[in-house]
Protein chains: 2
Amino acid sequence: MTEPSAKILVVDDEPHIRDLLTTSLRFAGFDVRAVGAGAAAISAVLEDEPDLILLDVMLPDISGFGVTKRLRASGFTSPILFLTAKDDTEDKITGLTVGGDDYVTKPFSLDEIIARIKAILRRTMAETDDATIHVGELSMNQDTHEVSVAGEDIELSPTEFKLLRYLMLNANRVLSKSQILDHVWEYDFNGDVGIVESYISYLRRKIDDRVSEPMIVTKRGFGYMLKSPKA
Amino acid sequence: MTEPSAKILVVDDEPHIRDLLTTSLRFAGFDVRAVGAGAAAISAVLEDEPDLILLDVMLPDISGFGVTKRLRASGFTSPILFLTAKDDTEDKITGLTVGGDDYVTKPFSLDEIIARIKAILRRTMAETDDATIHVGELSMNQDTHEVSVAGEDIELSPTEFKLLRYLMLNANRVLSKSQILDHVWEYDFNGDVGIVESYISYLRRKIDDRVSEPMIVTKRGFGYMLKSPKA
DNA sequence: ACTGGCTCTCAGGAACCGCTCAGCGAATCA
DNA sequence: TGATTCGCTGAGCGGTTCCTGAGAGCCAGT
């Protein structure tokens with residue numbers, strides 16, 4: 001795990017989103033503090049000096065830009081991960097991602113947020129820790145997005161990639177379909193869990209066909225599990 | 001990295017630009033101090049003895065030229081990188097670049113500033129560190145701006161050069177289009193990310209056609225990556 | 001003024017992807 | 001064993017993303 005106890009400040013005015021983020025990040029092992037407005041964010045930063053800020057640009061009082069300016073002006077250097085609406089014109093976003101910063105568009109998937117946070121922290125806090133995850137004969141490099149099975153590279157679509165990453169990070173643990181849906185798909189997706197079945201099917205075609213014993217196993221009535229042979 | 005902890009003094013009166021520069025340079029590994037006026041710059045230099053000054057010529061109190069004169073008169077010899085408006089007359093600018101000095105016109109691209117700073121420091125602080133970057137069969141000399149693919153020299157336009165440099169410095173890492181836009185294009189560019197696609201297309205024509213396996217790969221839904229064969 | 005190179009925009013088309021659905025098969029239960 | 005539920009996967013539609021050629025506007029050099 002990358003910096004298991006990095007301090008993160010979550011800034012979003014929608015209580016629902018804020019809770020979603022707070023809970024997920026705490027579960028992922030981060031030390032999380034959350035506030036709902038720009039002014040509160042500024043004082044929280046000065047008090048707490050977080051390692052990263054997850055900052056919504058649409059805030060009721062001061063905008064995310066304003067918050068950033070003030071913080072940077074007062075010498076705060078930790079990276080910021082911005083949350084922006086998808087229909088915000090690109091040019092508003094341009095100029096934001098200075099240094100280690102990055103942004104994610106709403107609606108996002110929780111897994112995506114966590115992956116991005118880890119990617120930033122990996123670079124910021126000069127961690128030797130590699131960007132590659134291994135599970136059995138599977139390996140996935142999160143920087144290059146290269147995935148290989150038994151030494152052979154395979155091509156994955158974006159959704160396939162995100163799903164597999166979630167499975168790998170939770171290998172040897174049964175995950176329900178709705179759990180998968182909640183983590184991998186955007187939080188406002190309101191379709192059927194059947195789509196998880198479809199994507200599991202796609203992954204099986206690309207992975208299990210190249211390996212002696214199937215790695216993706218179905219736990220009927222519960223969900224799926226990515227099994228690393230003989231842990 | 002060139003001189004990971006060279007001391008740089010940023011002098012600009014616009015807080016936004018100052019923050020942009022400070023953050024980017026800190027992230028690039030420099031030891032940065034920033035001030036907003038000419039008088040403050042002079043006292044900061046006397047206190048701190050920076051290895052390089054990034055100096056806006058348009059300042060509210062003393063002009064960049066005035067600052068330079070006084071500093072040089074008092075025996076300060078570190079190089080100065082001037083920031084000038086594009087419409088400043090040529091003769092003003094030509095007088096600037098004496099000694100190790102150089103200038104960049106506003107609006108600039110962040111990547112460009114960092115490259116220039118590194119180029120100056122490379123000369124000033126007798127660095128053994130070479131100005132040539134290699135990625136697979138690609139090589140780029142940052143001093144001469146010569147680029148070759150598989151031993152054959154190729155001609156690149158300024159923008160193509162900057163884009164390729166950014167890709168090479170971040171080889172084997174997926175870069176999103178907006179990330180590329182933020183680093184390679186000028187900070188006030190507010191066009192579409194489509195232009196990145198266009199320039200990627202130009203580079204492909206010049207690079208991938210001369211090499212056995214394509215080096216610029218599209219990661220659909222994420223961005224682009226320059227891949228060095230057999231990492 | 002003319003020319004050529006460069007940046008940037010735009011639009012057509014192609015490839016790809018996400019998602020749904022339906023039919024079939026497998027597991028489960030009475 | 002038969003009925004029912006659950007899971008798998010092929011087919012396909014509609015939308016998105018990406019690529020590239022064409023060209024307008026701009027600037028520099030001649």
Side-chain angles (χ1 to χ4, degrees), chain A residues 86-87 89-91 94 105 107-109 111-112 145 154-164 166 174-181 184-209 214-225, chain B residues 86-90 93 105 107-109 112 145 147 154-164 174-178 180-181 184-209 214-225:
Chain A
K86 193 163 270 170
D87 53 359
T89 48
E90 289 286 345
D91 55 60
T94 308
T105 56
F108 47 80
S109 85
D111 196 52
E112 185 64 20
H145 280 218
I154 59 174
E155 293 293 320
L156 298 180
S157 79
T159 307
E160 289 165 359
F161 181 87
K162 289 181 206 162
L163 172 57
L164 181 59
Y166 183 58
V174 179
L175 303 165
S176 75
K177 286 179 214 175
S178 40
Q179 216 173 351
I180 294 175
L181 210 52
V184 177
W185 270 260
E186 294 168 353
Y187 59 76
D188 68 344
F189 178 77
N190 62 349
D192 195 77
V193 291
I195 195 170
V196 177
E197 299 173 10
S198 286
Y199 273 90
I200 287 286
S201 173
Y202 299 154
L203 282 184
R204 280 188 165 135
R205 212 171 305 163
K206 296 183 178 180
I207 293 171
D208 282 347
D209 288 1
M215 297 186 69
I216 303 175
V217 301
T218 304
K219 294 290 173 183
R220 200 183 170 82
F222 294 99
Y224 301 99
M225 183 175 80
Chain B
K86 195 162 270 171
D87 52 0
D88 276 358
T89 52
E90 283 290 336
I93 294 167
T105 57
F108 45 80
S109 88
E112 184 63 18
H145 277 220
V147 178
I154 58 175
E155 292 294 320
L156 297 180
S157 78
T159 307
E160 289 165 358
F161 180 87
K162 288 181 215 162
L163 172 57
L164 181 59
V174 178
L175 302 166
S176 75
K177 286 178 214 176
S178 36
I180 294 174
L181 208 54
V184 176
W185 270 259
E186 295 166 353
Y187 59 78
D188 67 344
F189 178 79
N190 64 349
D192 195 76
V193 291
I195 195 168
V196 177
E197 298 173 13
S198 287
Y199 273 88
I200 287 285
S201 176
Y202 300 153
L203 280 184
R204 281 190 165 134
R205 218 169 298 165
K206 296 184 177 180
I207 293 171
D208 282 347
D209 288 359
M215 298 187 69
I216 302 175
V217 301
T218 304
K219 292 288 170 181
R220 192 170 254 263
F222 293 102
Y224 299 100
M225 180 174 80

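All values below come from the heavy atoms of this structure, side chains included, with hydrogens, waters and symmetry mates left out. Residue numbers start from 1 in every chain, and the chains themselves are labelled A, B, ... in the order their sequence lines are given, proteins ahead of strands.
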- Summarise protein proximity over nucleotides 17-30 of chain C in one line of letters, 5' to 3': B for base, S for sugar-phosphate only, - for none, counting protein heavy atoms closer than 4.0 Å. SBBBB----BBS--
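- Atom pair A/Y224:OH and D/dG7:P shows a separation of 6 Å (rounding to whole Å applied).
- Separating the NZ atom of B/K206 from the P atom of C/dG5 is a distance of 11 Å, rounded to the nearest angstrom.
- By the side chain to side chain donor-acceptor pair (under 3.5 Å) test, A/Y166 is found to be paired with A/H183, residues two or more places apart in sequence or in another chain being considered.
- Listed pair A/R205 / D/dG10 meets the phosphate criterion, a side-chain N or O lying under 4.0 Å from OP1 or OP2.
- With sequence neighbours excluded, the residues forming a side chain to side chain contact (heavy atoms under 4.5 Å, CB included) with B/F222 are A/H145, A/P158, A/F161, A/K162, B/V174, B/K219, listed by chain and number.
- When rounded to the nearest whole Å, the span between CE of B/M225 and P of D/dC18 equals 15 Å.
- One interatomic measurement links the two molecules: CD1 of A/I200 to C1' of D/dG10, which rounds to 17 Å at whole-angstrom precision.
- Rounded to whole Å, the distance from NZ on B/K219 to P on D/dC19 is 13 Å.
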Exercise answer: donor-acceptor pairs, residues 190-201 of chain A side-chain atoms, under 3.5 Å, sequence neighbours excluded:
| residue | atom | partner | partner atom | Å |
| --- | --- | --- | --- | --- |
| A/D192 | OD2 | A/G194 | N | 2.6 |
| A/E197 | OE2 | A/K177 | NZ | 2.8 |

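- If you take CZ of A/F222 and P of D/dG7, they are 11 Å apart, rounded to a whole angstrom.
- Judged as a side chain to side chain contact (heavy atoms under 4.5 Å, CB included), and not counting sequence neighbours, the contacts of A/D188 are A/P107, A/E186.
- Distances shorter than 4.0 Å separate some side-chain N or O of A/K177 from OP1 or OP2 on D/dG7.
- Residue B/D208 contributes atom CG, which lies 15 Å from atom C1' of D/dT20 at whole-angstrom precision.
- Here the side chain of B/E112 pairs no donor or acceptor atom with the backbone of B/S109 at under 3.5 angstrom.
- For B/R204, the side chain to side chain donor-acceptor pair (under 3.5 Å) partners at least two apart in sequence or on another chain are B/T218.
- The phosphate of D/dT17 has neither OP1 nor OP2 within less than 4.0 Å of any side-chain N or O from B/T218.
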